[in-house]
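One structure is given here, and the rest of the page talks about it.
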Amino acid sequence: MTDSEAPSAKAPESVSGAPALPQGALEIASGYAFTGPALDLGALLWDGRCLSDVQIRIPLPMLNRHGLVAGATGTGKTKTLQLIAEQLSAQGVPVFLADVKGDVSGISAPGQENDKVRARAAEVHQEWTPAGFPCEFYALGGMGHGIPVRATITGFGPVLLSKVLQLNRTQEQSLGLIFHYADQKGLELVDLLDLRAVVTFLTSDEGKSELKGIGGLSSATAGVILRSLTAFEAQGMSPFFGEPEFDTSELLRVAGDGRGTVSVLELPAVQDKPQLFSTFLMWLLADLFHDLPEVGDADKPKLVFFFDEAHLLFNDASKAFLDAITQTVRLIRSKGVGVFFVTQTPKDVPGDVLAQLGNRVQHALRAFTPDDQKALRATVKTFPNSPYDLEEVLTALGTGEAVVTVLSEKGAPTPVAATRLRAPESLMGPVEPAVLDGAVKESSLYGSYAEAVDRESAYEKLTARGTGASSPASEASTPSTPSSEAGPSRGRARKGDDQDASVVQQVVGSGVFKSLARSLGTQIGREITRSVFGTARRRR
């Protein structure tokens, strides 16, 4: 088939109940004729027509094989997320959505029927019924509408923190050594004040000798880290770090009626801090990664996680950080978690990560400049062979239309299908702020996370040392007694847990800190292990 004969998705006309389908459309239809549970995306576009008898779908078990939703601004990516999230929730799968623009909260409320919705439903043979879905709303550090989501500095770890501090590879490794030192000396790193106190101590006349004991950390590098922390605090970042630390298992909740809970992280209040929120999302995923058990191939995912504005995650990222993302995405599938990256073009996602994404929903691309045209050609090359002229189709798609290829029930790529997508059944827009605030305060989680807790940690210990308290070095040599009390709720540390800190031997090579926890005779207690991101592993 030549380019001039290739079918196009331009200016499609809706048809229904066609007596016979063209051969090419029949071949595509056979690729989406799944027998098991699946999500319905929409109807096939072929040769200028919407063939509503050919439904384009994603098998439910394949949602943990990850995916990409891409397209230019205004092409309907957010509504595609909403459509997929609704159907996952309806089939009992929890969903996490990052609401960067503040327009996803409507998923909690029934949609509003109008002429456009009725027309779209008729075109794609959708039985559209307005419906809201069970939601929990979160906000980073409580900035904005939502239950506050916080992480301790120890929980966040050196690799992710290096990303938000924009440290280079050497400085990243040095930060890992500082975390190692704090672990050794029983100095809990709860918030930025704690970390700054430890770095300040290590750069002081009294603390410089400590640097020699941990090796590879110069006073100059420690000073750079300290200045980066000070600048970070000056930008108003302190509320994101502290206690109570958010338990990521809350994202796996299912409502009483069996529908999966949609966790919406409201991010409009931190739009001017893109590196922070993108890296915080990676922390959530990394925490899930090393806490969840292996499940292999399940009938449906445990959770599907959507990274909106995914390019922010990869901008200026170190090789260590990219390696860690690639490893997490590759391995978390076996733990039942699917990850979808949402961005403008596939080139925003590194090749090693893109290779892990089995499901693709590509909205329209623009080709106004030479760079746009280059990106368009690169995108076309990432698709399987197709009877479509994809360069033409991708620039002609309308809002709410996309080119789709997913993994079949057998794990093989389905034929490329230009698709007119279904309309979400929930509200396509934000709910009123008062309604959102009411939902937050009525949540059963509000009491657990709303109020920040300030307990004794590194800052207090180092301050007390100046008034006659024992030094960190002497604390490490003092035998401690394991507590007989039960562990804290959700595995978060209690006041007094400083005597239960163990020694962690950091393996610093590529900047990714993999460690083994070992118990010393002088300190017995809670293990601190670190994942590929250097995040501390907590016992649930």
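Using modelled atom types, no side-chain atom of Lys300 and backbone atom of Leu60 make a donor-acceptor pair closer than 3.5 Å. Of the possible donor and acceptor atoms, none in the side chain of Ser89 sits under 3.5 Å from a partner among the backbone N and O of Ala85.
Phe307 meets the ring-ring contact (aromatic ring centres under 6.0 Å, His included) test with Phe305, Phe341; sequence neighbours excluded. Residues satisfying the side chain to side chain contact (heavy atoms under 4.5 Å, CB included) criterion with Leu167, sequence neighbours excluded, are Ser162, Leu165, Gln171, Leu175, Ile225, Ser228. Scanning for side chain to side chain contact (heavy atoms under 4.5 Å, CB included) contacts around Glu409 gives Phe34, Thr35, Pro59, with sequence neighbours left out.
Side-chain N/O atoms of Ser105 and Glu266 include no donor and acceptor closer than 3.5 Å. Side-chain contact check for Gln55 and Arg422: at least one donor-acceptor pair (N or O, by modelled atom type) lies under 3.5 Å. Asp372 and Thr369 share a donor-acceptor pair across their side chains, judged by distance under 3.5 Å alone.
Taking the six-membered ring for Trp and thresholds of 30 and 60 degrees, Tyr388 and Trp46 have ring planes more than 60 degrees apart, a perpendicular arrangement.
One finds no salt bridge joining Asp371 and Lys374 here, because no Lys/Arg side-chain nitrogen approaches an Asp/Glu carboxylate oxygen to under 4.0 Å. Note on Arg120 versus Glu123: salt bridge recorded, some NZ/NE/NH1/NH2 to OD/OE distance being below 4.0 Å.
The shortest side-chain heavy-atom distance between Leu322 and Phe314 falls under the 4.5 Å cut-off. You'll find the side chain of Met428 reaches within 4.5 Å of the side chain of Val117, heavy atoms only. The closest side-chain heavy-atom distance from Ile84 to Leu41 is below 4.5 Å.
Note that CG of Leu63 is 5.0 Å distant from CG of Leu88, once rounded to the nearest 0.5 Å.
Counting non-hydrogen atoms of other residues, nucleotides and ligands closer than 6.0 Å to NZ of Lys116 gives a total of 12 or fewer. Summarising the local packing, CG of Asp257 is surrounded by more than 12 heavy atoms from other residues, nucleotides or ligands at distances under 6.0 Å. More than 12 heavy atoms of other residues, nucleotides or ligands sit less than 6.0 Å from atom CD of Glu113. For Glu294, the CD atom is densely surrounded, since the number of other residues' heavy atoms within 6.0 Å is greater than 12.
Just one of Asn385, Thr379, Val380 meets the side chain to side chain contact (heavy atoms under 4.5 Å, CB included) condition when paired with Phe383; it is Thr379.
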* **Worked check of side chain to side chain donor-acceptor pair (under 3.5 Å) between Glu136 and Thr261** => CA-CA 7 Å; Glu136 292 285 359; Thr261 298; over 6 Å; no

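Separation of the Tyr138 and Tyr449 ring centroids does not fall under the 6.0 Å cut-off.
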